[in-house]
Amino acid sequence: MAALEGKVVIVTGASSGIGEATARMLAHEGAHVVIGARRLEKLDALATAIRKEGGSAAVQQLDVTELSQMKTIVDLAISRFGRLDAIVNNAGVMPLSPLEALKIEEWNRMIDVNIRGVLHGIAAGLPVMKAQGFGQFVNVASIGAYAVSPTAAVYCATKYAVWAITDGLRQEVAGQGIRLTLVSPGVTESELAETITDREAKELMKEYRRIALPASAIARAIVYAIGQPADVDVNELIIRPVV
Ligand SMILES: NC(=O)c1ccc[n+]([C@@H]2O[C@H](COP(=O)([O-])OP(=O)(O)OC[C@H]3O[C@@H](n4cnc5c(N)ncnc54)[C@H](OP(=O)(O)O)[C@@H]3O)[C@@H](O)[C@H]2O)c1
């Protein structure tokens with residue numbers, strides 16, 4: 001897809017799962033990827049693999065709950081590659097549990113990573129995109145942004161928030177050349193369920209994940225949205241396994 005050649009794309013949460021698959025595919029299509037997550041050794045291994053295949057990647061250790069770190073990765077993209085075409089706000093956690101289990105620290109972590117992380121991506125990227133007159137946020141939500149299920153109330157709340165933030169920003173930046181895409185995966189192979197500490201929720205999830213899509217299925221959707229011409233804004237994509 002020539003449309004991606006030379007584009008500069010930041011991917012958060014690129015050390016595993018959907019983020020890793022997305023970074024690989026974007027680089028394969030000719031984009032410069034700037035990859036962030038907390039596990040630096042995983043990012044380094046991914047960047048090495050991308051470069052071996054002739055792709056271009058820069059690495060930045062990143063905790064999306066820290067605004068200053070999100071600004072650092074945006075600065076790296078600009079200083080290394082001279083522009084910023086898109087930020088894929090993908091980093092997320094999903095420690096499911098019933099509310100009555102009162103796993104308050106886990107609720108807060110979901111709010112911090114899944115909501116504040118996306119807001120920090122916007123806070124760091126938006127001024128740059130406004131100055132450029134172009135840019136795109138691809139915010140990874142979930143089918144949990146459209147329906148709630150038991151043990152997932154807080155997780156779904158964070159994804160409803162991502163939906164609202166994405167739609168709100170789209171309306172506010174109308175006419176400024178900035179594109180907003182919400183990508184909502186159904187069950188997908190990744191490390192996401194490993195953050196679940198509640199025994200019952202973990203068991204339920206094992207059954208649910210038997211039909212999981214490969215992460216490359218979601219990566220293809222993200223590559224599609226970024227690869228569209230500048231006057232095309234792909235607003236929402238929901239990708240689920242066939243049942
Ligand atoms: N897999 C599914 O079934 C599914 C379905 C719907 C939506 N999603 C969404 O897809 C996105 C990606 O998840 P995944 O399924 O690919 O799971 P994953 O394999 O667990 O990937 C999550 C990524 O987020 C990163 N991350 C976690 N906390 C972070 C933080 N504070 N700062 C920076 N990075 C952080 C992790 O890297 P480090 O630990 O190295 O920081 C990892 O790279 C999430 O937003 C998730 O909610 C997934």
Side-chain angles (χ1 to χ4, degrees), residues 10-25 33-47 59-73 87-96 105-106 108-121 124 137-149 152 154-163 165-166 181-196 201 204-219 221-222 236-241:
I10 293 172
V11 182
T12 73
S15 59
S16 64
I18 293 167
E20 178 185 348
T22 300
R24 264 183 213 282
M25 205 173 285
V33 291
V34 184
I35 52 178
R38 292 165 307 168
R39 289 172 294 174
L40 194 53
E41 67 291 351
K42 291 234 175 205
L43 295 178
D44 283 335
L46 175 59
V59 167
Q60 178 66 51
Q61 191 167 32
L62 169 72
D63 183 337
V64 296
T65 68
E66 297 290 338
L67 174 60
S68 60
Q69 296 189 22
M70 208 55 230
K71 286 184 171 163
T72 300
I73 197 169
I87 299 181
V88 182
N89 283 315
N90 164 75
V93 292
M94 189 190 68
L96 302 180
E105 188 275 331
E106 294 185 353
N108 287 337
R109 194 149 53 88
M110 283 189 275
I111 292 166
D112 284 344
V113 178
N114 301 2
I115 304 179
R116 284 203 178 88
V118 171
L119 287 170
H120 289 163
F137 293 99
V138 178
N139 295 335
V140 178
S142 167
I143 51 166
Y146 300 88
V148 184
S149 53
V154 179
Y155 178 74
C156 292
T158 66
K159 297 303 187 176
Y160 273 63
V162 173
W163 182 95
I165 290 161
T166 306
T181 301
L182 189 83
V183 171
S184 290
V187 62
T188 304
E189 286 165 6
S190 76
E191 297 178 8
L192 197 65
E194 290 170 25
T195 55
I196 302 174
L204 272 174
M205 193 47 55
K206 267 189 199 154
E207 181 56 26
Y208 178 66
R209 296 190 84 79
R210 281 193 310 121
I211 54 160
L213 285 171
S216 58
I218 314 305
I222 294 172
E236 290 187 37
L237 292 168
I238 301 177
I239 306 100
R240 292 186 234 239

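Since this is a predicted model, take the numbers as computed values, not measurements. Read the numbers this way: they start at 1 and go in the same order the structure lists the ligands and their atoms.
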Closer than 4.0 Å to some heavy atom of [X] - which atoms of ligand 1 meet that?
{"X": "P185", "answer": "5 (C), 6 (C), 7 (C)"}
{"X": "S142", "answer": "6 (C), 7 (C)"}
{"X": "G17", "answer": "16 (O), 19 (O)"}
{"X": "V187", "answer": "3 (O)"}
{"X": "G92", "answer": "22 (C), 24 (O), 27 (C), 44 (C), 45 (O)"}
{"X": "L62", "answer": "32 (N), 33 (C)"}
{"X": "R209", "answer": "1 (N), 2 (C), 3 (O)"}

Looking at ligand 1, is there an atom of it that comes within less than 4.0 Å of some heavy atom belonging to [X]?
{"X": "E20", "value": "no"}
{"X": "S184", "value": "no"}
{"X": "A141", "value": "yes"}

Is ligand 1 under 4.0 Å from a heavy atom in the side chain of [X], in the backbone, in both, or in neither?
{"X": "K159", "value": "side chain"}
{"X": "N114", "value": "neither"}
{"X": "V113", "value": "side chain"}

So which protein heavy atom does [atom] come closest to, and at what separation?
{"atom": "atom 3 (O) of ligand 1", "result": "T188 N, 2.8 Å"}
{"atom": "atom 18 (P) of ligand 1", "result": "S16 OG, 3.4 Å"}
{"atom": "atom 27 (C) of ligand 1", "result": "R38 NH2, 3.5 Å"}
{"atom": "atom 16 (O) of ligand 1", "result": "I18 N, 2.8 Å"}
{"atom": "atom 4 (C) of ligand 1", "result": "L192 CD2, 3.8 Å"}
{"atom": "atom 44 (C) of ligand 1", "result": "N90 O, 3.2 Å"}
{"atom": "atom 36 (C) of ligand 1", "result": "S15 OG, 3.8 Å"}
{"atom": "atom 17 (O) of ligand 1", "result": "S190 OG, 3.2 Å"}

### Message
Would I73 and I87 count as a side-chain contact (heavy atoms from CB on, under 4.5 Å) here? Give the steps.
### Response
CA-CA 10 Å; I73 197 169; I87 299 181; over 6 Å; no

### Task
Using heavy-atom distances, let me know which of L213, V140, T195 sits nearest atom 10 (O) of ligand 1.
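The residue whose heavy atom sits nearest atom 10 (O) of ligand 1 is V140.
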
### Query
So between T158, N89, D63, whose heavy atom ends up nearest atom 31 (N) of ligand 1?
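Comparing heavy atoms across T158, N89, D63, the nearest one to atom 31 (N) of ligand 1 lies in D63.
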
Provide the closest heavy-atom pair for [X] versus [Y] in the form atom of the first, atom of the second, distance.
{"X": "L43", "Y": "Q60", "answer": "CD1-O, 3.7 Å"}
{"X": "N89", "Y": "V118", "answer": "ND2-O, 3.8 Å"}
{"X": "E191", "Y": "K42", "answer": "OE2-NZ, 3.7 Å"}

How many angstroms lie between atom [atom1] of [X] and atom [atom2] of [Y], to the nearest 0.5 angstrom?
{"X": "L182", "Y": "Y146", "atom1": "CG", "atom2": "OH", "answer": "4.5 Å"}
{"X": "N114", "Y": "T65", "atom1": "CG", "atom2": "OG1", "answer": "11.5 Å"}
{"X": "M70", "Y": "L119", "atom1": "CE", "atom2": "CG", "answer": "11.5 Å"}

### Task
Decide yes or no for S184 and E236: does some side-chain heavy atom of the first lie under 4.5 Å from some side-chain heavy atom of the second?
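Counting from C-beta outward, S184 and E236 never come under 4.5 Å.
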
### Query
Do V148 and Y160 come close enough that some side-chain heavy atom pair is under 4.5 Å?
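Side-chain contact under 4.5 Å: yes.
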
### Message
Geometry only, no angles: is I143 polar-contacting ligand 1 at N/O separations under 3.5 Å?
### Response
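So ligand 1 has no N or O lying under 3.5 Å from an N or O of I143.
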
### Task
Might you work through the side-chain contact (heavy atoms from CB on, under 4.5 Å) test for S142 and M94, ending with a clear yes or no?
CA-CA 11 Å; S142 167; M94 189 190 68; over 6 Å; no

